[in-house]
**Q** 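Pasting in a structure now, in structure tokens, and then I'll have a few things to ask.
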Amino acid sequence: AGRLSDLGIDWVEREEDLRTIYAVNQGFDEVIRKYRIDYIVLGPEERRSFRPADAPGDWDPAEFWDASAPLVYEIGAYRVYDVRGYR
């Protein structure tokens, strides 16, 4: 994430926005609109990196996304969701 600053991108804000989406925090849909996101990838890294500190042991954002956005691809521990409906 820190390498983005070399490109003039505020990586701290970007990281918080990613956390908002993956932790399904309030305003996640606003972030999707802000970046005009079409798809999100949910894999082991996203589950680990964006896990809320107060999340229960069985926390998995896939439960939310499975019920809220079309699953367009799945292989192993990776899922791709179509989030254009939130734009």
Side-chain angles (χ1 to χ4, degrees):
R3 294 182 301 183
L4 292 175
S5 62
D6 294 341
L7 302 172
I9 297 171
D10 182 354
W11 67 271
V12 174
E13 178 184 358
R14 192 97 161 208
E15 187 84 5
E16 284 304 312
D17 287 344
L18 285 171
R19 184 169 312 285
T20 297
I21 292 171
Y22 284 109
V24 194
N25 290 334
Q26 184 175 357
F28 76 90
D29 52 336
E30 294 170 17
V31 176
I32 289 171
R33 285 190 293 278
K34 173 182 175 180
Y35 293 103
R36 299 179 45 94
I37 297 170
D38 292 332
Y39 302 93
I40 63 164
V41 175
L42 180 58
E45 180 65 24
E46 290 79 19
R47 287 177 174 95
R48 184 183 59 75
S49 295
F50 300 113
R51 178 184 182 82
D54 60 349
D58 62 350
W59 176 83
D60 187 355
E63 290 179 20
F64 171 82
W65 292 113
D66 284 345
S68 303
L71 178 66
V72 294
Y73 186 75
E74 180 177 17
I75 186 166
Y78 295 88
R79 294 177 179 197
V80 178
Y81 296 94
D82 181 340
V83 296
R84 291 177 292 180
Y86 285 98
R87 290 184 25 202

**Q** Quick one: are Glu13 and Glu16 in side-chain contact, heavy atoms under 4.5 Å?
**A**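 Answer no - side chains too far apart.
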**Q** Of all heavy-atom pairs between Gly43 and Glu46, which one has the smallest distance, and what is that distance?
**A**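 In this case the closest contact between Gly43 and Glu46 is N-OE1, 2.7 Å.
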**Q** Minimum heavy-atom separation for Arg47 to Ala77, with atom names?
**A**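 For Arg47 versus Ala77, the nearest heavy atoms are NH1-O, 2.9 Å.
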**Q** How close do Val41 and Tyr78 get, heavy atom to heavy atom, and via which atoms?
**A**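 Closest heavy-atom pair between Val41 and Tyr78: CG1-CD2, 4.4 Å.
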**Q** Who are the side-chain contact (heavy atoms from CB on, under 4.5 Å) partners of Gln26, not counting sequence neighbours?
**A**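 Checked Gln26 against side-chain contact (heavy atoms from CB on, under 4.5 Å); zero matches.
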**Q** Does any pair with a residue in residues 65-74 pass salt bridge (Lys or Arg N to Asp or Glu O under 4.0 Å), and if so which ones, sequence neighbours excluded?
**A**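 For residues 65-74, and leaving out neighbouring residues, the salt bridge (Lys or Arg N to Asp or Glu O under 4.0 Å) pairs sorted by first residue read Asp66-Arg79, Glu74-Arg79.
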**Q** Can you list, by chain and residue number, the hydrophobic cluster partners of Ile40 when the side-chain cut-off is 4.5 Å?
**A**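 Leu18, Ile21, Tyr22, Val24, Phe28, Val31, Ile32, Tyr35, Ile37, Leu42, Phe50, Phe64, Trp65, Leu71, Tyr81, Val83, Tyr86, all in the cluster of Ile40.
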**Q** To the closest 0.5 Å, what do you measure between CD (Glu30) and CZ (Arg33)?
**A**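 Here the interatomic distance stands at 6.0 Å.
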